[in-house]
Amino acid sequence: MGLHAPALEERSAPVHEARGQRTEGQAREMVDAHGARRYTASPMNERDALLAWFDANARDLPWRRTRDPYAIWVSEVMLQQTRVETVLRYYERFLARFPDAHALASASEDDVLSMWSGLGYYRRARLLHAGVREVVASYGGRVPDDATSRRALPGVGRYTAGAIGSIAFDREEPLVDGNVARVLSRLRGIDTPLGRRDTEARLWDEAEKVVRGPRPGALNQALMELGATVCTPSSPKCLSCPITRSCVALASDRTDVLPVAKARRAPREVAMVAVVAHDAQGRAMMVRGEKALFGGLWGVPMREGRGAKTAREALREHAIDARLTREPAGHIEHVLTHRRLDVEVFVARLSSASAGTASASAGTGARAVGADDLASVGVSTLTRRILEMSDLTISRFQR
DNA sequence: AAAGCGTGGAC
DNA sequence: TGTCCAAGCTT
């Protein structure tokens, strides 16, 4: 009947909330001779089936080992539009450096961005920083358990507010992320395009209905976990799904067409020039961009356009006195969600008069960054690639 | 309210 | 190769 999960080869670590009460909603579990967990498929509603499945199959993730609202907040921001496997490389290091709200609030933005370097969507880090500073300033460093106050924090949208509320505070607050949208679209047979007003309203409405009851944090995570591991975008593993009984998409054979994705815009091609102006010690001049793209990060002078002339303009824009040493070192294709950057990389040698001195760029905020400094400044992956191509002590630039 | 914002993994 | 898209938010 496909109503129960496959026996597990090995016990995955069940995750129980610290205050999670195992009450009426709990599935009856049995452990067979091989130690594998099964759960009965008998009269269980969706919530109970989801919770039982989650208890047996939840991945053991570091942010599931805490109920600290701050830590959960950090994880949720990192996970925005970012895969679990990627976040794993950042989360614990970030928390080790900024163990609580006060630590993060008192850190410089450079420090925060250096910890975020490579993770992408850097505005997240700046908003998290601002949000945590507000929590320290207005709430004594405690993340507000009041939903309205939480939602008003910078960088905390509807999803993140619901995640913190349900997971950290055990509140019956709904959340809809990409996973939940897919699961609920299929479960309820919602066939209007994602992103449309009515679709979103319907999804949040369904999410709110589902989350009502015991263990809202586990329930929300169960929906996301199911979407991430079973109810996947392509080839969903319906044989392993605990809630096939009520799935409209499965019943109507539409798992492959739901949800209906919104149309995507083609990325815009952008020709750019980057200049690695270095001194004799191999330090490269870097500037901080405040524009939307890579805002707050350090990078080598860059400019839209092509050729040596554009490269010199990029240097002049930052009052950097350097001489282009050769033909372009090469091209880098860097693909973002909405742009495809074709970056022509030039190398330039700082003039001896200005090399290594603050006067090299007085007033423009440019600074010489060496390999040893790179770990402490926020740079994009594109910048790392540019430095790599420029042939400057590559290995020492690695993260 | 549609567009902009990074990166990397899967197929 | 290209395409999709992942625990979204802001303007």
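Per chain, numbering begins at 1; letters A, B, ... match sequence-line order.
Listed pair A:Arg264 / C:dC5 meets the phosphate criterion, a side-chain N or O lying under 4.0 Å from OP1 or OP2. Contact check, A:Tyr122 against B:dT7: a side-chain N or O comes under 4.0 Å of OP1 or OP2. Distances shown here put every side-chain N or O of A:His334 at or beyond 4.0 Å from the OP1 or OP2 atom of B:dG6. Neither OP1 nor OP2 of B:dG8 sits under 4.0 Å from any side-chain N or O of A:Thr82. For the pair A:Arg123 and C:dT11, the criterion of a side-chain N or O lying under 4.0 Å from OP1 or OP2 is not met. In this structure, A:Arg265 does not reach the B:dA2 phosphate: none of its side-chain N or O atoms is under 4.0 Å from OP1 or OP2. Between A:Arg197 and the phosphate of B:dA1, there is a side-chain N or O to OP1/OP2 separation shorter than 4.0 Å. Here A:Arg124 does not reach the OP1 or OP2 of B:dC5: none of its side-chain N or O atoms lies under 4.0 Å away. Residue A:Ser380 places no side-chain N or O under 4.0 Å from the OP1 or OP2 atom of B:dG6.
The 5' end of DNA chain C is approached more closely, in terms of each residue's nearest nucleotide, by A:Thr337 than by the other of A:Arg158 and A:Thr337. Nearest-nucleotide assignment on DNA chain C puts the 5′-proximal partner with A:Ala261, out of A:Ala261 and A:Leu127.
Residue A:Arg182 places its side chain closer to C:dA6 than to any other of C:dA6, B:dC5, B:dT7. Listed nucleotides C:dC9, B:dC5, B:dG9 differ in distance to A:Ala292; the shortest reach to its side chain belongs to B:dC5. Of the candidates B:dG6, B:dG8, B:dT7, B:dG6 carries the atom nearest the A:Tyr121 side chain, counting heavy atoms from C-beta on.
Exactly one residue among A:Arg202, A:Arg196, A:Arg254 makes a salt bridge (Lys or Arg N to Asp or Glu O under 4.0 Å) with A:Asp191. That residue is A:Arg254. For the salt bridge (Lys or Arg N to Asp or Glu O under 4.0 Å) with A:Glu109, the qualifying choice from A:Arg133, A:Arg288, A:Arg126 is A:Arg126, the only one to do so.
At the heavy-atom level, A:Ser75 lies nowhere under 4.0 Å from the strands shown. As judged by a 4.0 angstrom heavy-atom cut-off over every strand, A:Val335 is placed among the base-contacting residues. A:Arg268 comes within 4.0 angstrom of no nucleic acid atom, judged by non-hydrogen atoms across all strands.
Taking the side chain as every heavy atom from C-beta outward, A:Arg245 and A:Glu46 never approach each other to under 4.5 Å. Side-chain contact between A:Arg367 and A:Trp298 is present, with heavy atoms from C-beta onward closer than 4.5 Å.
For A:Leu175 and C:dA6, the CG to C1' distance is 15 Å, given to the nearest whole Å. At whole-Å resolution of the value, CE in A:Met78 and P in B:dG6 are 15 Å apart. The CG atom of A:Leu153 sits 12 Å away from the P atom of C:dC9 (whole-angstrom rounding).
Between the side chain of A:Arg339 and the base of B:dC5, no donor-acceptor pair of N or O atoms lies under 3.5 Å.
Checking A:Gln80 against A:Thr160 by side-chain atom types alone, a donor-acceptor pair falls below 3.5 Å. A donor atom on one side chain and an acceptor atom on the other are not found under 3.5 Å apart for A:Arg268 and A:His338.
Across B:dG6 and C:dT3, the matching P atoms stand 22 Å from one another, rounded to whole Å.
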